[in-house]
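Not measured: the values here are computed from a predicted model. In what follows, chains are A, B, ... by sequence order, proteins preceding strands, each numbered from 1.
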Number of protein chains: 2
Amino acid sequence: MSAKTEARKAALRDKLVAAAERRIAEAGAGSLRARDLAQDAGCALGAIYNAFDDLNAIVMAVNGRTFSKLGQAVAASFDGSEEPVQRLVKMSHAYLHFASEHANLWRALFDLEMTADGPVPIWYLEALRGLFAHITEPLAEIFPELSRDDLQLMTRALFSSVHGIVLLGLENRISGVPADQIERMIDLVLSRIGNK
Amino acid sequence: MSAKTEARKAALRDKLVAAAERRIAEAGAGSLRARDLAQDAGCALGAIYNAFDDLNAIVMAVNGRTFSKLGQAVAASFDGSEEPVQRLVKMSHAYLHFASEHANLWRALFDLEMTADGPVPIWYLEALRGLFAHITEPLAEIFPELSRDDLQLMTRALFSSVHGIVLLGLENRISGVPADQIERMIDLVLSRIGNK
DNA sequence: TTGTATTCGTGAACGCGGTTCATCAGGTGA
DNA sequence: TCACCTGATGAACCGCGTTCACGAATACAA
């Protein structure tokens, strides 16, 4: 495969991912249609399957971008000068706001994992590890007495807790709650965690 | 519509729900097939749509049964003599074990709400309210200083936290963790919550 | 440059699955 | 007994992801 062909393929990939990102953000990953994507990208239906294995792979590519933006948003939410609990609060709020502003893209991050059967891509686990690292750091300050294993467990537990609060909070058909109330829920839990 | 006809319709509904429950428990709500259900229930494909509006309605019926069983499992997990924090721990463990043992049925409870667009049925919100009531009670003992509103918020926050821990914990492609580790994560968070 | 071989793009066609509908059978009332 | 109606039936419809045979384009050797 020549370099020109390769470049064209890459360009098509980009167009497809960009179109998919727009459509997912707009209507959710569940209503992504191969024919719509082909039209958006100005290519034939079959060309999609030349650039990607299947639609799933495109969603995964979008997820990669989303995860990267999410990581940036969380990392930008603190400056390192805060008290550890305060830093957890800031990160959690950043997580909430990202999820709230990019609800469909954020949901696609977790929706897909449930349905797909293949192994999780490495970059996905790496991104998760990156998020976890941000959490572990302040936790280690708050709980110097915890073992290494318990610290890892606490990290996952805290991430999962905030994730759950955001997930159900944004899901207004289950327990829908205004955004500032969700923030308050996070604060309630984190402040209890921080009080020794 | 005669009484006999009505009875037949009800019988078909029961057979369909039973078959759907079996198939969802086995393979998840996502791989439920109308044609399979018709075969299981010994009826024609079209008969399904006489008994139910669509497949979604059948899944909702199954969810009703699941929710009821979940409520029983949680309610049976404590006897009222425990310290409040201990009661929260017992309920959370019951929640975890139910979710773990009936993973596909439990997931269907929340999967469907994300995709469906109609309003949530009343019984669903009632069931949720019932679960919340179990949580609010010990919380009121632990935090007598909280306002009524904050107590409600804390209730939802705690439920969501445990839900999140269970959700991501069971999702081994995201952060998969053995069941006893999940239990420990719940304990870590709840014990911190309980410590004033 | 020209001819050939290989690769790529194309969109019609396939298979699957939910839902509908024309048709039929079985029950109901006169 | 017969006309009527209601509920069951499954073939057909439609949308959608994915494939594939074919024709165009490109790469390469002479």
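Applying the 6.0 Å contact sphere to CD of B/Q86 captures more than 12 heavy atoms from other residues, nucleotides or ligands. Around the CD atom of B/E82, the shell of radius 6.0 Å holds more than 12 heavy atoms that belong to other residues, nucleotides or ligands.
Between A/W106 and A/H163, the gap from one ring centroid to the other is short of 6.0 Å.
B/K9 has its NZ atom 7 Å from the P atom of D/dG7, to the nearest Å. For the pair B/I48 CD1 and D/dG7 P, the interatomic distance rounds to 18 Å; values are reported in whole Å. If you measure from atom CG of A/D36 to atom C1' of D/dT18, you get 16 Å, rounded to the nearest angstrom. Protein atom CZ of B/F52 is 16 Å distant from nucleotide atom C1' of C/dG18, rounded to whole Å. A straight line from CZ of A/R13 to P of C/dC8 spans 12 Å, rounded to a whole angstrom. We find that CD of B/Q39 is positioned 15 Å from C1' of D/dT9, with the value rounded to whole Å. To the nearest angstrom, P of C/dG18 lies 11 Å from CZ of B/R23. At whole-Å resolution of the value, CG in B/L37 and P in C/dG18 are 9 Å apart.
Under the 3.5 Å distance criterion, the side-chain polar atoms of B/S68 are left unmatched by any main-chain donor or acceptor of B/G64. A side-chain donor-acceptor contact under 3.5 Å links B/R13 to the backbone of B/A51.
Listed by first residue number, the stems of DNA chain C with at least three Watson-Crick or G-U pairs below 3.5 Å are C:1-30 with D:1-30.
Toward the 5′ end of DNA chain D lies the nearest nucleotide of B/G42, the other residue of the pair B/G42 and A/D53 mapping further downstream.
The phosphate of D/dG7 has neither OP1 nor OP2 within less than 4.0 Å of any side-chain N or O from B/N50.
In summary, A/K69 and A/E101 do not engage in a salt bridge, as defined by a charged side-chain N under 4.0 Å from a carboxylate O. A salt bridge is defined here as a Lys NZ or Arg NE, NH1 or NH2 lying under 4.0 Å from an Asp or Glu carboxylate O, and A/D40 with A/R23 meets this definition.
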Within the sub-3.5 Å range, which N or O atoms of nucleotides 14-17 of chain D have a protein N or O partner, and how far apart are they?
from: D/dC16; atom 1: OP1; to: A/R33; atom 2: NE; distance (Å): 2.8
from: D/dC16; atom 1: O5'; to: A/R33; atom 2: NE; distance (Å): 3.3
from: D/dG17; atom 1: OP1; to: A/L32; atom 2: O; distance (Å): 2.9
from: D/dG17; atom 1: OP2; to: A/A34; atom 2: N; distance (Å): 2.9
from: D/dG17; atom 1: N7; to: A/R35; atom 2: NH1; distance (Å): 2.8
from: D/dG17; atom 1: O6; to: A/R35; atom 2: NH2; distance (Å): 2.9

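Of the inter-residue distances, the one linking A/Y95 atom OH with A/I165 atom CD1 reads 11.5 Å to the nearest 0.5 angstrom.
Every residue two or more places apart in sequence or in another chain that forms a side-chain hydrogen bond (donor to acceptor under 3.5 Å, both in side chains) with B/S81 is listed here: B/D79.
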